[in-house]
2 protein chains.
Amino acid sequence: MSARAAGGGTITPMDSSSTRRQTTRRKLFEAAVTLIAEQGFSSTTVDEIAERAGVAKGTVYYNFASKNELFEELLRHGIELLATSLQEAADGAADRGGSRVDALDAMIRAGLDFIARYPALTQLYVAELWRTNRAWQSTLMVVRERAITVVEGVLREAVAGGELSEDIDIPLTASALFGMVLVAALDWQSYQPHRSIDDVHASLSRLLQGRVSGHP
Amino acid sequence: MSARAAGGGTITPMDSSSTRRQTTRRKLFEAAVTLIAEQGFSSTTVDEIAERAGVAKGTVYYNFASKNELFEELLRHGIELLATSLQEAADGAADRGGSRVDALDAMIRAGLDFIARYPALTQLYVAELWRTNRAWQSTLMVVRERAITVVEGVLREAVAGGELSEDIDIPLTASALFGMVLVAALDWQSYQPHRSIDDVHASLSRLLQGRVSGHP
DNA sequence: TCCTTTGAACTGACCAGTCAGTGCAAAAAG
DNA sequence: CTTTTTGCACTGACTGGTCAGTTCAAAGGA
């Protein structure tokens, strides 16, 4: 009964809605995300996912209609984490009375935090996002939109408030900022993992604020 | 006899060094690059590659030791095109007496040109570059190094010449610039293909030169 | 009692890599 | 000049293995 709350032990108690099923699904997501990030979707077998999650293969098909659907739900779940985190960062900066540029900077930080916390998920998005002719193409379009829109929103407000030039191309700038953080962070993780996140953040802030080519 | 020179007919005469084999290999590269960009490496079958190239499956194995090796040679061939093109852009700007920042701008343009000309090849690099545990991991490291080094070289010269602040983090800035151009260009190709390359280039130049947050 | 999980056996499609054989142009032999 | 040989490039049917997805009886848990 509920007094035993944590059940098996390692699993968080959570509120009423958390059923045994939710736990199993989460374990499957975690197993799938790392395997797919490492090997790609097609090279990852359902048997492997089940094994790493510590469940039987039949359980995978009891919880998801297919390997494909497991993956799509994974994508949707992941982007929710990112978009929420970006939005909170932007709102937080605004609440603290910062400018819109401060909000952008806070979003860069949030992006770095996200990539540091979920590197496998990030790798997986990058690998799939610009592919064509994939079954989950439409899911990815939505997913991308969800994240880019948050950045565009802040840029738009900054232009309206006179903080940024009206000449900037908002969608393209949003993409470019996104790419800047993404690639810098992936390279950081892959090739210079010893560096601190503050260090990386500071370098990117400098780049954002146009001090790279700034002649004093 | 030798007077009949061209022999049968369908085969091009060509000069001595250019063999039938080279032509076949080129056809296979072209077929493989688009298929793998669309579907990923594992989902692309050797039968598909052969069919699109208009040769028999056995020919693939006559020309390449394995599917894997075909792919690795493709990666190596592609990066040579990019690195050369970036270096020429940088040198060209220098020859014209431009600053190092002009050289960076020329490289952005070269990057955009490359992506516009070889979109499939670009998608393919992006999809594979940050994966772990892949057979061609080491090839990719070399490939990435080859391109990033060119950018770092220009940044270093710019710092030495006082054009850029000494505070910038050269490797990280190179990655960030690379990512900025890459993601902006891929989004341009995927979601706003009607825009002109000059337009995209102008927006990115503005971002590079720190005029985004520039209060006049 | 009802929901969820287990685990193992099975099917059928798909696919990387192989190999015996074909076609053909140029060299060698007659 | 004609015939034979050589060897490169290519062919495509075939093989051995893999894997997504199915099925189901039995067990476990709330």
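Note on naming: letters A, B, ... go to the chains in the order of the sequence lines (proteins, then strands), and numbering restarts at 1 for each one. All values below were derived from every heavy atom in this structure, side-chain atoms included, with hydrogens, water molecules and symmetry-related copies excluded.
Classification of A/Glu80 and A/Arg146 as a salt-bridged pair holds, one side-chain N sitting under 4.0 Å from a carboxylate O. With salt bridges taken as basic N to acidic carboxylate O contacts below 4.0 Å, none links A/Asp102 and A/Arg96.
Spacing between atom CD1 of B/Ile36 and atom C1' of C/dA16 amounts to 14 Å, rounded to whole angstrom units. Distance NZ (A/Lys27) to P (C/dT4): 15 Å, rounded to an integer number of Å. Across the protein-nucleic acid pair, B/Tyr61 atom OH and C/dG21 atom C1' stand 20 Å apart, rounded to whole Å. When rounded to the nearest whole Å, the span between CZ of A/Phe71 and C1' of D/dA20 equals 16 Å. If you measure from atom CZ of A/Phe41 to atom P of D/dC19, you get 14 Å, rounded to the nearest angstrom. When the C1' atom of D/dA20 is taken as reference, atom CD of A/Glu69 falls 15 Å away, rounded to whole Å.
When all heavy atoms of A/Ala184 and A/Leu204 are compared, the closest pair comes out as CB-CD2, 3.9 Å. A pairwise comparison of heavy atoms in A/Ile115 and A/Val181 identifies CD1-O, 4.4 Å as the closest pair.
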Enumerate all atom pairs, one protein N or O and one N or O from nucleotides 5-15 of chain C, separated by less than 3.5 Å.
{"residue": "C/dT5", "atom": "OP1", "partner": "A/Thr24", "partner atom": "OG1", "Å": "2.4"}
{"residue": "C/dT5", "atom": "OP2", "partner": "A/Asn63", "partner atom": "ND2", "Å": "3.1"}
{"residue": "C/dT6", "atom": "OP2", "partner": "A/Ala56", "partner atom": "N", "Å": "3.1"}
{"residue": "C/dT6", "atom": "OP2", "partner": "A/Thr59", "partner atom": "OG1", "Å": "2.4"}

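In this structure, A/Lys67 forms a cation-pi arrangement with A/Phe41, its terminal cationic atom sitting closer than 6.0 Å to the ring centre and no more than 45° off the ring axis. Note that A/Arg144 lies in the cation-pi zone of B/Tyr191, set by a 6.0 Å cut-off to the ring centre and a 45° limit from the axis.
Nucleotides of DNA chain D nearest to B/Val60 and A/Ser42 differ in position, and the one nearer the 5' end is that of B/Val60.
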